[in-house]
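Before any comments, here is the structure.
The chain is numbered in sequence order, starting from 1.
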Amino acid sequence: MRVTMWEFAVAVDERLLGCSTDSLRTQLAEYERGERREFDADVRFPDSFTGEVMRVMASIPYGETRTYGEVAAELDSHAVAVGQACGRNPVPLVVPCHRVVGADSLGGFSAAGGVELKRALLDHERGAVQTGLDAF
């Protein structure tokens with residue numbers, strides 16, 4: 001399915017999520033409005049290195065980031081391989097690949113809008129955390 005987030009169309013493979021398309025669209029809209037920090041959808045992680053990276057990404061708290069190198073160290077891998085796996089994430093936004101950044105840059109972002117959308121997502125999350133906004 002395609003969803004629009006800050007005017008960017010993002011493809012999300014809803015077949016890997018244990019919730020209805022309508023529920024997912026509602027949750028994504030709540031996230032965009034700052035009313036949601038986590039998604040209520042069971043993720044079926046692929047049985048692959050990409051799935052391993054996705055599990056780590058899913059554990060990064062809202063408003064925080066990890067570097068490609070930090071994720072790689074956790075998986076006994078390499079930063080470039082982690083970056084490639086992030087680019088293959090079939091459920092961006094729900095599994096927050098935008099929270100994985102370079103050591104001295106934002107790194108890349110494979111969803112439509114690229115780094116501009118990644119920056120918007122990180123700014124959105126950091127702003128909510130820094131201002132004490134809490135949707136719960």
* Establish, from distance only, whether the side-chain atoms of Glu125 and Tyr31 form a donor-acceptor pair under 3.5 Å. => yes
* To do: Not counting sequence neighbours, which residues clear salt bridge (Lys or Arg N to Asp or Glu O under 4.0 Å) with Asp40? List them please.
  => none
* May I have the step-by-step check of side-chain contact (heavy atoms from CB on, under 4.5 Å) for Met57 and Val71, ending in yes or no? => CA-CA 8 Å; Met57 290 187 296; Val71 174; 5.7 Å; no
* **Check: Gln84 and Tyr68 side chains under 4.5 Å, non-hydrogen atoms** => no
* Asked: Between Ala103 and Thr67, which heavy-atom pair has the shortest distance, and what is it?
  -> CA-CG2, 4.0 Å
* Heavy-atom pair of closest approach, residues Gly87 and Ser110 -> O-OG, 3.1 Å
* Do other residues, nucleotides or ligands put more than 12 heavy atoms under 6.0 Å from Arg33 CZ? -> yes
* How would you list, by chain and number, every residue that makes a salt bridge (Lys or Arg N to Asp or Glu O under 4.0 Å) with Glu74, sequence neighbours excluded? -> none
* Structure fact -> Value for CZ (Phe109) from CG (Leu117), rounded to nearest 0.5 Å, stands at 5.0 Å
* What is the distance from atom CG of Leu28 to atom CD of Glu32, rounded to the nearest 0.5 Å? -> 9.0 Å
* **Donor-acceptor pair, side chain of Arg99 and main chain of Ile60, under 3.5 angstrom** => yes
* Asked: What are the two closest non-hydrogen atoms of Ala85 and Val53, and how far apart are they?
  -> CB-CG2, 3.7 Å
* Closest non-hydrogen atom pair between Asn89 and Met54, with its separation -> OD1-CE, 3.6 Å
* Asked: Going from CZ on Arg25 to CZ on Arg2, what distance comes out if it is rounded to the nearest 0.5 angstrom?
  -> 11.0 Å
* Asked: Got a donor-acceptor contact below 3.5 angstrom from the Glu116 side chain to the Gly113 backbone?
  -> no
* Consider only side-chain N and O atoms of Glu30 and Thr26, and report whether a donor and an acceptor are under 3.5 Å apart. => no
* Can you check whether Val101 reaches Leu122 side chain to side chain, under 4.5 Å on heavy atoms? -> yes
